Every structure is written in structure tokens, then in C-alpha cells.
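What you see is a predicted model; the values in this text were computed from it and never measured. So you know, we letter chains A, B, ... as the sequences are listed, proteins then strands, and number each from 1. The basis for the numbers below is simple: all heavy atoms, side chains too, and nothing from hydrogens, waters or symmetry mates.
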Amino acid sequence: MTRSAVLVSMTTSVVLALAIYAAVSHATGRIDVDGGRGWVGAEAFAIARHGLGAADGAMRLQPFVPLAAGVVSRATGEVLPAFRVLNLAWLALLALAADWLLIQRGVAPAGRVLAVGILAGSIATAKLAAFYATLPWLGVAALVMLACAAAVADRRVLAAAAATGAALAAPVGVGAAVFGVVRDLRLRRSRLRILTSWIVPVLAFAALQVRAFVAGGWVSLFDGLRLWTEPGFVAWSAYFAISVAGGLTLLVASRPATIRRLTAGEPEWLALAAPAVLVTVFGTPDIWLPWVACLPLVLVAFAGWWHDTLADRRWWPVLVAIAFTVVTQAPLARLDVARYFADWFPYRVAAGDAPVTVPDLLALWTPRWLLAVAAVGACLVRLPAMLLDRAGLGFVRTGASWARFIFARLRQGAEQGGEVLVTAGLRVPRGARALVSGLSHASEVTWPAATGRALAIRVEPGARLGGRWFVVSIGLALITAATVGWFITGIPIQLTDCVVNLLDVQEGTVWSVTVSKSGNAAFFRPLLWTALKVAYDLSGGHYFAVFKGIHVVQVGVLLVLAVRLLRPREAWEVALVPLALALLIGSHTFAGMVLEGFPINTYMTIAICCFAAAALSFARGGWWIDVAAALLCVFAVFTVESGLLVWVVLCTGYLAGSRSVSWRGIAMTTLVVAGYFYVRFAVLHIGSPGLIERSSGFGLQVLDPPDLIARFGTNPWPFYAYNIVASVLDVLFAEPRAGAFVFAHAIVGGTVAPWMVVNVVASTLATLVLFRYVALRFRRWLRWTFDDGDRLVLMFFGVLAANATISYAYTKSTIMSPAGIFYALAVAVALRDWVVSLGDTSRRTVARAMAAAAIVVLSTTWSLRAAAIHFSLRHQGEAQRREWAFVPEGPETPALTRHFKAEALWTRPAPWSLDLPASWFDVTQ
Amino acid sequence: MIEVPPNPETVELSVPALPVVAAAAVPAVVLVVIAVVVLLEAAGRHPYSEMPPQTMAEAVLRGDVATAARFIGLGADPNSPSAVHVPDLGPADVSMTPIEAAARGGSDDMLLFLEPSITLSPDARRDLVCLARAERHANAADLLARPLGGAVSCDGWADPRKHTR
């Protein structure tokens, strides 16, 4: 289209939309609550007049539109007219952006007029704004639409600005930024470009969330889930899903294949809807309001529908859509408060959460539900073809089918490497190519010859392809993290090692706390205190929510990184993921990372840093990977001493052939480590922990510092050597524990508990599997040949050695947590190899059956250990609560301490322990 | 260029099912069970949690200091008896004071917690010392005996509740 044609089209759309708005506004009337301001009006007015600081309710997360109204009110003189003027501007912007988007999708003028006309007559846009002017949703719709249209046109500054506005206008508006990021990733744009384009809206959204969170605390997400158990809520959700944008949503809903093709080829449209989908999944009584942010998705799906319909030369659905809009949106019907709730927020009426009662609500709605069902049925004329697709007979009909077809060939070709001819003589849909690109890794698949009628793909030898199973694995990791996280939130803020830390950071600035806490006689951990002080200041008094939230997020990040490092690509590999996760969370070295909060668990922080370092080693390389490695190293080593293991991970990866972190990156991180030692020992003269710091296990007993000094004071080296060896054995065999041979002691004393047997058997068996892998690969390693699995195993041994060495002064299972997490990955790699080897039919059946039995024992014992961590967490909650009961509440007790005691005993008491046989679960960790 | 056969069904890796199932089944079941428990707890049900103590004496018997503190905070008198179920004393609930429950439960923490807020005659204290000894809670007996000064003799003492059964 020429520029003038585009201008004419946009002008037409804007004029059409404003004309419809004028009619709708005149017919609908205005709300009469609070002088026309409505229920949120007081807060919206306060924001408009006094700025963001005046937000104290629901508008905390939606300040952009009231702030814009405040600017306009300087011209209008009054605030309410400013909202009305602004709504005209939002609608014009929405129409303009919608037209722009449809032009880019190749929709003919008639289609654009139809779409804009229907949009302008729908409740989600014009009618709601006309009736209730102070609501922000028309602004949200306009900004999201503009952001998407500009992003598709690659007008990045405009897109980023609109996305920022959208993110500040409503939480679901952040979908525009997510859309941009996912689109850029799919189009393989540089990360720097992606970052610079979308960092502002993401940060704006995050800042708003943090601010609101600090002021108001958490909202329980799960409360809304119960709504889905109510048939009325489900029925209304279904109705609004197909009618929220009038006939447009009906047309889109009538052709699922179009949506499937769209989202398969351009997954960014799904990303746009993700925030709204999340809000919907967790249930909101204002059923359709969040979906306003999904209008661009509806429009592009409509564009797909339009092209398909033109091909079929069927126009009558358009008439159905217009009729459906008129009936369902009732653009010219008058509204009052009763009709407003009965027609648009019926669930609130049914739940008694509205200021009106509607006695015949079901009688009002039953015809509408029937109408919706009939309308969808009338449009489902392509049902037979869809059924054929479902039956597998419509092979290569859609992008998704093509993607499966291509992947099947790639998997076979990957065994040999080289260029694989995927198709010849068949046209590959663009969506399928995009999907394969999106699901593959650029380092593995390139597209040298993706022509119209032939597709050839170059595949690296041994490349591991697949996408959906990886996504499933991430889902498993998140479910596991959610379960652990749930139990973590059952533990009160702990008294020991935590409250004292918080009392220490109450006063002063971040800088002064960091400097004053930079070191004592034995430790140098400045960034630990920085993080603590920042979190404390940001919490705004919501200490439990912030610190437990950080802890839960840490668990999620750790488990997702674990799955990312294992990279399961096939269904059978995904089946092994629960065991891999059990190996991770079931380890006694993991327990200290979740049972305790200081209040930020730095063991967990360092574990995440170590996994992140490994992920950088397996990345695609580039200067930013080197910089990220150096920054990660700085953060880790200046947080706690075991952060030095990040450097070990990076170096081990490099020595094992990974070049994602280049020699420059290794050199930078080495300089960081050298700088750390220089500052610690030469500048600040901070020593190392000696024998007087802690008790430590030795043999069958635990020695206190006086005993240690008496026994090793003159020559501590044998004790240090013992600690290093004990730490290694602790990880590999779960015995000794913290230097003491607990299991052996129990055998001698006849007090062996089932959990002891479980722990030792589980670890020993897993270690044997690992040793098998090492034995089989050792010759290959001597030839300096490694794959990614080998690198993970070698990283484990590198971290194990270094971790044990820095634990020379005293042993504790939690200190070995970095080695413990890599142990889980290494065993998972070894187990994967073992499982594949059992497919060798030349082995005897008895041997294979015995191997399967051993695997059952391994998986069962580790599953018990994984369950034990939940048991321990609940037990820990009760123990912490008990400890708080003894804290005096006199005037000399700090207010913060009294706050935590009240929380532990009264406002947030820990749940009761699990009623399970305790002897099977290790609560000593 | 490698040309591959068109049948996508032929390209699956030959991974044996048995060891995969052996490795996957139990962890998957455990994960599902824990996830279900979490969902139930989020919905307000606690199918695998212990029942919370219903009386002060029950909280004390279980060594649940925090709940005992809650009862006191809600106005419960630490010297008044309340109902508690003690398996050794039969199927029915019995009524006992918190300090007697503490002596039977043997929780050192609980005794330390209750001691400042209870009033006991020397004879009653002696009975509790003997009760703790009879229940084999040596530390608890020592804690209870501390205010009596000298050694406490339990010769001829019998648990009256067990005696009357």
C-alpha cells in the first residue's frame, strides 16, 4: 500500500470508531455512582491530581491512565471531563493501531472496516468507557494494540513506548513487552537489540509490582482457583470468551485451526495473551476484563480467518458476526448500575459481590448461553476437515503437522550429521519453518536452503533436537519447586541466624551496611549484606512475604537451571526428569538450602550461581557471555566464600572443551578471583576460619572447639585432611555426615533408623552408577573428547574437589551443597547412559532384569528422600515456632523481634507436622 | 546430502521401556502425590497433617510449646485441668492440669515454659517428680525437682490414674 492509502485507511478507521463511539455513548448513558466517578473514581481522581503517591488501592497497579488524565485535566480544568476526552483519544488510537496491524496482515479494506467497527461497538472498548469513564481498560487496549502493531512493523521506539504505557496501565499490559521479546527471539534478533528495546517496559512493570507489593503484600493467587468449581463461573467464562469482542471473537473461535496455525508459526501472539491467561486461570470475578489486553491476538486471528474465508468465498459468517455483535454487545442499549452488573459482571451478582441483586439472573442468561452455542455451531462449517486433522489424516495440513514431519527427519539425520533433505516438491508453510526454528537451537540447526519447494537443513552430528519435551521438563521442575516452595512458606522467619541479621541491617544505608559488614576475623561477605539490606528496605514491613518469596523463587530458578543443563529432548528423557529432580532435592546437602533462611539463604544463592555458570558454559558464546561470567563471578565470590566455585565451574567447562566462555572470559574471572584474594588477605587482612569457629564431626563423635584445639591445636593439618576426605564421602555416600559417621555409630549402638539405610543405600547406588559412567568414558576423556554430559560429570568432580578443599576448616553437609547439586546432574547423566545401554539385546535377560531392579531401588530410595525434604520442612516449621514461644516480650525486646514472634505464634502459625512414619524421613539434616 | 526415508515412524530411538519405567514410575507418583497434597492444603484441607491440639493439656502433652503459648494468650489458665487423650490411660479422654501433662510428656522445653506461670504445692510437685520418673523422663524429673532442693524419694509412689484403672 502507498503511504497515502495507509493514511486514508487509518483516517477512515478513526472516524468510523469515533462515530460509533458517539452513538454508543449517547445511548448507553453514564454511571451515576459518586457523581459519575464510579467506585474506583476517588482513587483515580487522587492519582490524577496528586500523582502516583496517592494510589492506595486497586489503581496502584494501573496508574498510567489516571496520570494521563491528570495531564489532560490541566487543559480541561476538571478531572472527569479529562477522563472522557482521554477516552476519545484512546479509542482513536485503538482504531488507528488496529487498522495498521490489519494492513500489515494483508486484510482488505472491507475486513478492516468490519473489524474496527465491531471493536468500536463492543463492551471491552467503547461501551465500557462510555458508561464508566474513569476505568483504564480502553487505554490498556489502545496501548497494547499500538505496541503490537509497531513491533510487527519493527518501529521499535514506538513499540517500546507503547508497551511501557501498557505495562503501567494494567498488569496484563505487560503482555505487549513479552510479545516483543518472544517475537524478537523467534526472528533471531540480537540479544542486545532485544534488551535495549524491551528493558524499559519490563522494568516499569517490575517497579510497579514491587512498589505495590511493598505497599500491599501478596494477593493469594489460589483463592481465585475455587471459582472454577462453580458451573456459573465456567459458563460465563465460556460465553465471554467467544463474545468479548463481539463477532470478532466468534469468528476466531469458530476456526480453531486458524488459531493453531497462527500460534504455532508466531508464538509471540500466545505470549501476548500469557498474562491475561494467568489472571484467568487463577480466577477473577471480573471474568473478561483482563482479556482486553488480548485484542491484538483476536485481530490477527481474525486476519487469518479473513484470508481463509476469502479463499472459500464464504461471506455469510460476516453477517453472523455483525448480528452476533449487535445481540451480545447491545451497543445501543441503555445501562444503569443494575444492568451494568447483570449484563457484564454477572458472576459478581451471583456471588452477592455487587451493589445490586438480580432475582432472575439465570432467566436472563440462559437464552444468551444458548445463542452463543448456536452461533459457534453455525460457524463450524469446517468441522469435518478438523476431524480429519485430528484423526491424523490431514497430514501436512497445518504448520504443526509440518513441524512434526520435519522434526522426525531431523532426528534421524542428526545421527549422521550433514545436510538433510527434509522435503522435495512440497511447499513448506512459513509457520512450520518458524516453529522449527523456534524450537531448535541455532547452534544445531541452520536453514541454508529453505526455498519454496525444497527444504534442506544442516544438522550438527549428534545434535539433540526437540522442543515440547523440554517445555514439559521445565513444567515438572516448576511443579517440584512449587511443592517445595509451599512447604518453605510454612516455616516462620527463623529466630537463630536470621533475626539478628535483620536487626543488624535496620539502620543505615545500603552502602554503610555493606562497608560495616564487609568482614570480620574470618569471613568476607560484603554482597551478602547488600542483598539483605536491599531486600529489607524494599519489603516495607512485609518481611515474611519478601524473604520467603525470594527463597521460593530461588528454588524455582535452581530447578529450572538444572533441567536446562540436562536438556531432555525426548519423551523417555523427560520420564527421567522426576528422578533427576529427586536426586537434587532429596540430597542431604540440599536440605540446608531450604530448611534455613538467613533470611536470604546464601547457600542457595551460590548454588544458583554455579548452575548459571554451567549454563553459560553451554551457551552459544559471544562477548556478552564472557561479561556475564565475570559479573557472575564478582557477585558470587563477594557474597560468600563458596562463590569461588563459580570460577571452578567455568574453568572445568573450559578445560572440558566448552568454548562458550572464551579464554578472555576465563581470564576475566581469574582476575576477579585474584582480586578477591588480594582484597581479603592483603588489604583487609581477613583470615580464614580456624578451629575455634564451630563444632565438627570426627570419627563417631562431634568435637566442640575446645576438644578440637586440645587434639589438633598444635598440628591441625590431619584434621583438615580428614575434613576434606569426609566432605567428599559425605556427598558420594551420605556418610559421614558433617564429619561424623552417623550410620556406623547407629549400627554399633543398635539404633539404626530406616531413613539412615535409605540415605546410604540411595547415595551409594547413585555413586556406583556414576562410577560406571566414568569407567566407560575414561579412555575417551584421556583423548580429550567430551560431550555435554561428560562436561557435567567433570564439572561435578571439579566442584567436589574444590568444595571439599574450601571446607577444610569444618565440615557441614550444607557447605557441600554446590557439589551436591552437580552430583544430582552427574548421576542423572550417568543414569541416562545406563538406561540406553540396557537396550543392548546382546546382554543376558537376567542381567537386564537385575539392572532394572537396581534402578527401582535407586528411584524408590531417592523418591523417599525427596519426600523427606517436605517432611523436614514441615518439621522445621514446628521447631521454629516452638523456638519463638520462649522469646520474652518485654520492653527491651526489639519491635522487629516482637513482630516476628507475633507472626510465628498468632498471625501466621506454621502448619502442623505431617502425620507420617517419622522414622523413614531424615529430619536431622 | 543425506536423503532420509519419508516415514517418520522409523526414526524413534530404541530406548528400552523397562528401565525407563523403573526409573520414572516411583518419582513421578511421589511428585504427583506431593503436588496433590499441596493443592489440598492450598484449598484448606490437610489430609496428612497431624490434628492440632484441642486443649491446653493436649498441647502440653505433645510438647507443643507454641500452641500452649497460644492457649495462654487466649486466656487459658495454666493451672486448670483440661481434657486430653493419653493412650496409656485408656480409650477415654482424661482431665489433667498442664503441668501433669508436661510431666507425662517429658518435654524439657515445656516444663521450662510452664514453670514461671504455675503454682504447685511441695506435695504436688513431689508427685509430679515421681510421675516423670515413672514415665522415664529423667531430665524432666530433675527440672521439676529443682525447686524442692534436696533429693526426692518416690518409694511407694504409684501413678494414681493407672492405679485406679
Among A17(B), A66(B), A24(B), single out the residue with the greatest number of heavy-atom pairs under 4.5 Å to chain A.
A66(B)

With chain B as the partner, which of L864(A), L831(A), V835(A), L858(A) has the greatest number of non-hydrogen pairs under 4.5 Å?
V835(A)

Counting distance only, does the side-chain N/O of S107(B) pair as donor-acceptor with the main-chain N or O of L61(B) below 3.5 Å?
no

Tell me, side chain or backbone of A851(A) under 4.5 Å from chain B's heavy atoms, or both, or neither?
neither

Flag the one option from G73(B), A35(B), P52(B) with the top tally of heavy-atom pairs under 4.5 Å to chain A.
P52(B)

Below 4.5 Å, heavy-atom pairs only: which of T480(A), V857(A), L576(A) has the largest tally toward chain B?
T480(A)

Could you look at W884(A) and say if it's the side chain, the backbone, both or neither that has a heavy atom under 4.5 Å from chain B?
neither

Check whether more than 12 heavy atoms from other residues, nucleotides or ligands sit under 6.0 Å from atom NE2 of H137(B), and answer yes or no.
yes

R832(A) (side chain) donor-acceptor with L566(A) (main chain) under 3.5 angstrom:
yes

Counting only N and O atoms by type, is there a donor-acceptor contact under 3.5 Å from the side chain of K901(A) to the main-chain atoms of V887(A)?
yes

From CD (E573(A)) to OG (S473(A)), nearest 0.5 Å
8.5 Å

Among L916(A), L476(A), I479(A), T483(A), which residue forms the greatest number of heavy-atom pairs with chain B at distances under 4.5 Å?
T483(A)

With a 4.0 Å cut-off, would you call R104(B) and E135(B) a salt bridge?
yes

Relative to chain B, which segment of L579(A) carries a heavy atom at a distance below 4.5 Å: side chain, backbone, both, or neither?
both

